[in-house]
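Structure first, commentary second.
Since the model is a prediction, treat every value here as computed from it, not as a measurement. The residues of the chain are indexed from 1 along the displayed sequence.
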Amino acid sequence: MNKKELATFIQYDEYELLELFQDEPVSVGDDVCAGILMYVYEDNNNFKLVFTLDVYRKVCTISITYKDYSVFDGEFLNITEIHKRERDLIIRIKGMEKVKIKFFKQLGVELL
């Protein structure tokens, strides 16, 4: 195991997430220090992405809707790292790339 796998929280760069989502996250829950953040992204094609990140439990949820109809819902456990690659958000689970959120041309999720 490497250092990232042993970390007690998800490794990520908040500026990379800010660049992709084009807005600040909302802190979820009563305790601001709880480490639960929600990012929302809406594109011009009526797709909406809600990405919730529980930094300390190492969990994220992804919900994509199209005109308020559910397209994709998923919860991912044991997240070790999240990083931006070009116009995509890559989610590493137990150190391996497992999920890609595509922001451009059309919003989508690819399971790797």
Side-chain angles (χ1 to χ4, degrees):
M1 289 189 156
N2 63 34
K3 284 184 178 180
K4 289 182 181 178
E5 291 179 56
L6 296 173
T8 58
F9 56 91
I10 298 173
Q11 303 292 309
Y12 69 100
D13 182 332
E14 62 188 70
Y15 295 110
E16 288 183 347
L17 294 178
L18 180 63
E19 184 179 340
L20 285 171
F21 285 94
Q22 301 172 353
D23 204 355
E24 295 280 338
V26 174
S27 184
V28 178
D30 296 332
D31 186 2
V32 177
C33 298
I36 303 172
L37 305 171
M38 181 171 54
Y39 291 86
V40 178
Y41 176 83
E42 295 182 64
D43 70 10
N44 295 331
N45 297 316
N46 296 308
F47 282 91
K48 181 178 181 179
L49 165 66
V50 177
F51 179 74
T52 305
L53 183 61
D54 188 329
V55 176
Y56 300 111
R57 285 188 38 229
K58 297 181 170 184
V59 174
C60 75
T61 61
I62 300 168
S63 175
I64 297 178
T65 56
Y66 174 72
K67 294 184 178 180
D68 294 326
Y69 293 100
S70 180
V71 175
F72 180 89
D73 282 306
E75 178 178 71
F76 300 92
L77 311 173
N78 301 312
I79 308 296
T80 50
E81 180 184 5
I82 297 172
H83 67 274
K84 178 181 172 284
R85 181 184 300 140
E86 298 176 11
R87 295 179 165 195
D88 300 327
L89 186 67
I90 306 297
I91 299 171
R92 296 177 70 94
I93 297 174
K94 294 184 179 179
M96 298 179 61
E97 292 184 2
K98 294 290 187 176
V99 182
K100 180 191 304 185
I101 301 175
K102 300 186 258 184
F103 283 79
F104 301 99
K105 297 188 178 185
Q106 179 180 318
L107 191 60
V109 173
E110 183 178 336
L111 302 176
L112 305 172

> Could you state the interatomic distance from CG (L53) to CG (L37), rounded to the nearest 0.5 Å?
Replying inline: 5.5 Å
> Does the side chain of E14 come within less than 4.5 Å of E16's, by heavy atoms?
Replying inline: no
> Rounded to the nearest 0.5 Å, what separation is found between the OH atom of Y69 and the CG atom of N46?
Replying inline: 12.0 Å
>> Just to verify, what does E19 make a side chain to side chain donor-acceptor pair (under 3.5 Å) with, not counting sequence neighbours?
In response: K84
> Donor-acceptor pair, R85 side chain versus D88 backbone, under 3.5 Å?
Replying inline: no
> Tell me, do Q11 and H83 make a side-chain contact under 4.5 Å, heavy atoms counted?
Replying inline: no
>> Quick one, I62 and L49 - any side-chain contact, counting heavy atoms below 4.5 Å?
In response: yes
>> Could you see if V59 belongs to whatever hydrophobic cluster contains Y12? Use Ile, Leu, Val, Met, Phe, Trp, Tyr and a side-chain cutoff under 4.5 Å.
In response: no
>> For a 4.5 angstrom cut-off between non-hydrogen side-chain atoms, does I64 reach V109?
In response: yes
> Do you know the tightest heavy-atom contact between I91 and C60?
Replying inline: CD1-SG, 3.9 Å
>> By the definition side chain to side chain contact (heavy atoms under 4.5 Å, CB included), identify the one residue from L17, T52, D23 that meets it with Y39.
In response: L17
>> Could you measure the distance from the CG atom of D54 to the CD atom of E75? Nearest 0.5 Å is fine.
In response: 9.5 Å
> Do Q22 and Y41 touch side chain to side chain, with heavy atoms closer than 4.5 Å?
Replying inline: yes
>> So does V50 get a backbone contact from the side chain of S63, meaning a donor-acceptor N/O pair under 3.5 Å?
In response: no
> Atom NZ of K102 and atom CD of E86: how far apart are they, to the nearest 0.5 Å?
Replying inline: 13.0 Å
> Taking the inter-plane angle between the rings of F47 and Y66 on a 0 to 90° scale, is it parallel (under 30°), tilted (30 to 60°) or perpendicular (over 60°)?
Replying inline: tilted
> Would F103 and F21 satisfy ring-ring contact (aromatic ring centres under 6.0 Å, His included), going step by step from the backbone distance to the final call?
Replying inline: CA-CA 9 Å; F103 283 79; F21 285 94; 5.2 Å; yes
>> Once rounded to the nearest 0.5 Å, what's the spacing between atom NZ of K100 and atom CZ of R87?
In response: 13.5 Å
> Does L77 share a hydrophobic cluster with Y56, counting links as ILVMFWY side-chain heavy atoms below 4.5 Å and allowing steps through other members?
Replying inline: no
